[in-house]
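Ligands are counted one by one from 1 in listed order, and the atoms in each one are counted from 1 as well. Just so it is clear, the model here is predicted, and its values are computed rather than measured.
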Amino acid sequence: MSHTIGLDIGGTKVLGVRLDEHGSIEAEARQGSPHAGLDALIATSLTVVHELGGDGDPIGVGIAGLVDRGGNVLYSPNLPTVRRAALRDELTSATGRTVVVDNDANVALLAEVEYGAAAGRRHALLVTLGTGIGGGMYLDGRMYGGANNFGAEFGHFTVDRSGPMCACGERGHWEAIASGSALGRIAREFVGRSGGAGIVAEAGGDTAAVQGIHVGHAASKGDPDALHILAVYADNVALGLAALANIFDPEMIVIGGGLVELGNLLFGPLRDAFGRHLEGLDYRPAIAVVPAHLGERAGAIGAAVLARGVS
Ligand SMILES: [Zn+2]
């Protein structure tokens, strides 16, 4: 099978691509995500598949949340109306095609291994810094999902028992201090306490509207408060990356999510802090901490790569 379809189902949109055997995108389509249960999600997915063409091409799907090896979406934080849903079987019935479903971060890592930042690596982790923290593990030359395919939930281990509450209901998880959302919260706390006029100006003068991106904009202009906040945030991120590196000993950690656009404003302090937290930095091969290459299409491309394996 030379061509495959990949769908990335997120909280805001369903993004689809049709990929050729060399990884070139031959068609792309997107629709807003419905929030009205599985049937509505199937209908929207069918629309995207129809727009992409490619009659009979197998379909891969990446979706946030807990996805078991039978393609059932048990729980998806961004799609609360889709629970214990037999997504693979329903989409197979609706399309008459071969369908395979996996977690969105897992397929994004598959894309980065096949065509992106981790090409040629045998041991790579993916960490996405978004609303939460997503993760994927590629170990010894293959994707690793654990007993139920629920592994790589990197955001949910405790780094500070007295830290802020995590979206999952536990206190002090890494995600609560190191996600993209956490950068916004840290910045709002800072400007509420210390002013941070340069950052507030980027948010239109509204301290309550400050988000991570405003810190990035101010930092790119050399604002010292913004650079300070980014250093604090980078240290929070590095704390978890070093723990993961100590446990898995990867060759590379690929960082995804919108904050990657900050470039060296983030990766400079992040690599410094990672080195400080990593065990035995001077006595081991370097572990690369690099930005993802494939951007917002990584999930859809990886889902299409996944579909090759079942065609
Ligand atoms: Zn949590």
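- Judged purely by distance below 3.5 Å, without hydrogens or angles, the side chains of His277 and Asp235 pair a donor atom with an acceptor atom.
- Of the possible polar contacts, none joining the Gln211 side chain to the Gly184 backbone as a donor-acceptor pair under 3.5 Å is found.
- For His156, the N, O or S atom with the smallest separation from the Zn ion (ligand 1) is ND1.
- Checked against the Zn ion (ligand 1), the N, O or S atom of His173 at the shortest distance is ND1.
- The angle that Cys168 SG and Cys166 SG make at the Zn ion (ligand 1), rounded to 10°, works out to 110°.
- A side-chain donor from one of Asp160 and Ser162 sits under 3.5 Å from a side-chain acceptor of the other.
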*Audit row: Asp102, Asn149, side-chain hydrogen bond (donor to acceptor under 3.5 Å, both in side chains) steps and yes/no*: CA-CA 8 Å; Asp102 201 344; Asn149 202 42; 2.9 Å; yes
